[in-house]
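Report on one structure; see the data block that follows.
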Amino acid sequence: MSDSSLSSIMAMLDGLVDWERRDRSAMSVDTKPARDLLERLGNPQTRFRAVHVTGTKGKGSVCALVDAGLRRAGLATGRYASPHVEQINERIALNGQQIGDGPLAWCLSRALAARQEAIVDGTAGHKASWFDVWTAAAFLSFAEHHVDWAVVECGVGGLRDSTNVLDADVAVLTNVDLEHTSILGSTCEAIAREKLGILSAGKPLVTCVSRYAPLGGFVSDVARSRGGYVVYVETLVGEPLQSQNARLADAVLAQLHLPPLDKWTIDSTHLPGRQEVVYVPTQAGNSATIPVVLDGAHVPSSLSALLYDLERSPRLRGPCAAVIGLGADKDMQGMVRALMNRVVTVLATANQHGAPAHDPLDLACAARRCGLQAVEIHDPLNAVREAISEVQTREGDGWVLVTGSLHLIGVVRPYLRELCRSHAAAYEELAN
């Protein structure tokens, strides 16, 4: 199919309920619509084995690492992720490469046709959301491409998430923090219970939740009640996020009796907007560049861990200007507190994705209440321009952080790429 075919199908899809762009406090979560679609498609999710990943942070990176480990062992893989950063095709990867427009259009059209059949028959699939249709299309694509394994990232929660139609061989809980409280519950225990709903009887749950923490015992109890068991991966104090994610992925691979990741695989496996560094030219027009770090951290603990990691880099020890945009369901005050004593100025901006978001003025006011210099700039690209200009006027090797949302990263990233193209600046991972 042509790109125009995919465009027309996306236009039809965009008429469905898309909870990534709506107030999630009213979100209805249920696996029945996705199950109905998949049954009409011949239950493709039964034609491959799966690793199912949930958690507050690190899901995407762990999925990418597990996928890389499976491919290194000679296995054909599919990976389902959300949200995408720039291109919608990013959500489905086949053997490490994002799906092409033609195959994507075909799978989505089949899933939409199944939804139309459900409307006619009056079954659960008639309520299928945008994400339900995408999930069905992803699993159909994996089956059609004869993958051995799928590595699947949960959308929201676990138990009632559209992806929880799998009987996964391994479930992964990266960690638990307060998020989506209007849907998942107002305590870490309630959220953990919801996320642990992806665990199947007799199967392992691999997690970085410490067995020695109060939540660790709760996780063990819930896993036992579901007939599963827990494999704990204890993190070290001050351990870099990349190392934590790699050790968690290694524990998953060990459950599948596969070899651990090697250094080259770890270093070469990265996702857009996860500790990504772009070096942009300075206004002086010489060879000097300013590092701009892109990371979609959206909860305070994740942002704190990110900043702790970044402090290790000699190139990121100068003054930092932080561009931040947050969804309306995110902890604005907590995110601002995480920036205290670590940035010289905050540039509050809009998410510009269509989803409810914190007003930049409110975000800037919250930063000022924490003693931070802050300004609100609604347009994200103007905010980034101002941030780059700001650090150039200060002494020391300044840098810029863009954070708070992968949707924000998706807006900023093409602009930075174009800015760098004429300067021949390269992307590189912070670890390099």
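Quantities reported herein were computed from a predicted structural model and do not represent experimental measurements. All residue numbers refer to positions in the sequence shown, counting from 1.
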Is it the case that [X] and [Y] place a side-chain donor and acceptor less than 3.5 Å from each other?
X      : Y      : value
Arg385 : Ser389 : no
Thr135 : Asp132 : no
Gln275 : Gln242 : no
Thr235 : Glu239 : no

Say whether, by atom type as modelled, one donor and one acceptor occur between the side chain of [X] and the main chain of [Y] under 3.5 angstrom.
X      : Y      : result
Thr403 : Asp295 : yes
Gln244 : Leu241 : no
His270 : Glu276 : no
Ser141 : Ala138 : yes
Glu234 : Arg211 : yes
Glu418 : Tyr415 : no
Asn175 : Val209 : no
Arg72  : Pro260 : yes
Arg274 : Pro272 : yes
Trp399 : Pro291 : no

Quick check: do [X] and [Y] have side-chain heavy atoms less than 4.5 Å from each other?
X      : Y      : result
Val323 : Glu386 : no
Trp134 : Ser162 : no
Asp397 : Arg315 : no
Gln333 : Cys370 : yes
Leu166 : Phe48  : yes
Arg342 : Cys320 : no
Arg91  : Pro83  : yes

**Request:** Test side chain to side chain contact (heavy atoms under 4.5 Å, CB included) on Phe142 and Val151 and set out the steps.
**Result:** CA-CA 10 Å; Phe142 298 158; Val151 185; over 6 Å; no

Under 4.0 Å between a Lys/Arg side-chain N and an Asp/Glu carboxylate O for [X] and [Y]?
X      : Y      : value
Lys127 : Asp36  : no
Glu390 : Arg394 : yes
Arg224 : Asp221 : yes

**Request:** Please collect all salt bridge (charged side-chain N to carboxylate O under 4.0 Å, His left out) contacts where either partner lies in residues 76-85, sequence neighbours excluded, each pair once.
**Result:**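 Matches after skipping sequence neighbours: Asp67-Arg79.
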
**Asked** CG/Asp177 to CG/Asp331 distance, rounded to the nearest 0.5 angstrom?
**Response**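 Rounded to the nearest 0.5 Å, the CG-CG separation comes to 9.0 Å.
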
**Prompt:** Going from OG on Ser304 to CG on Asp309, what distance comes out if it is rounded to the nearest 0.5 angstrom?
**Reply:**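 It is 11.5 Å, given to the nearest 0.5 Å.
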
**Request:** Please name the residue in the list Leu173, Asp161, Val172 that meets the side chain to side chain contact (heavy atoms under 4.5 Å, CB included) test with Thr54.
**Result:**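 Among Leu173, Asp161, Val172, the one that satisfies the side chain to side chain contact (heavy atoms under 4.5 Å, CB included) with Thr54 is Leu173.
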
**Request:** Please test Arg417 against Glu86 for salt bridge (Lys or Arg N to Asp or Glu O under 4.0 Å), starting from the C-alpha separation and ending with a verdict.
**Result:** CA-CA 12 Å; Arg417 187 166 56 245; Glu86 287 188 61; 2.8 Å; yes

**Prompt:** If every non-hydrogen atom of Val280 is compared with every non-hydrogen atom of Cys420, which pair is closest and at what distance?
**Reply:**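 For Val280 versus Cys420, the nearest heavy atoms are CG1-SG, 3.8 Å.
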
**Request:** Show your working on side-chain hydrogen bond (donor to acceptor under 3.5 Å, both in side chains) between Ser200 and Asp167 and close with a plain yes or no.
**Result:** CA-CA 6 Å; Ser200 299; Asp167 182 19; 3.0 Å; yes

**Asked** Can you say whether the rings of Phe139 and Tyr80 are parallel (under 30°), tilted (30 to 60°) or perpendicular (over 60°)?
**Response**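 Ring orientation, 0 to 90° scale: perpendicular.
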
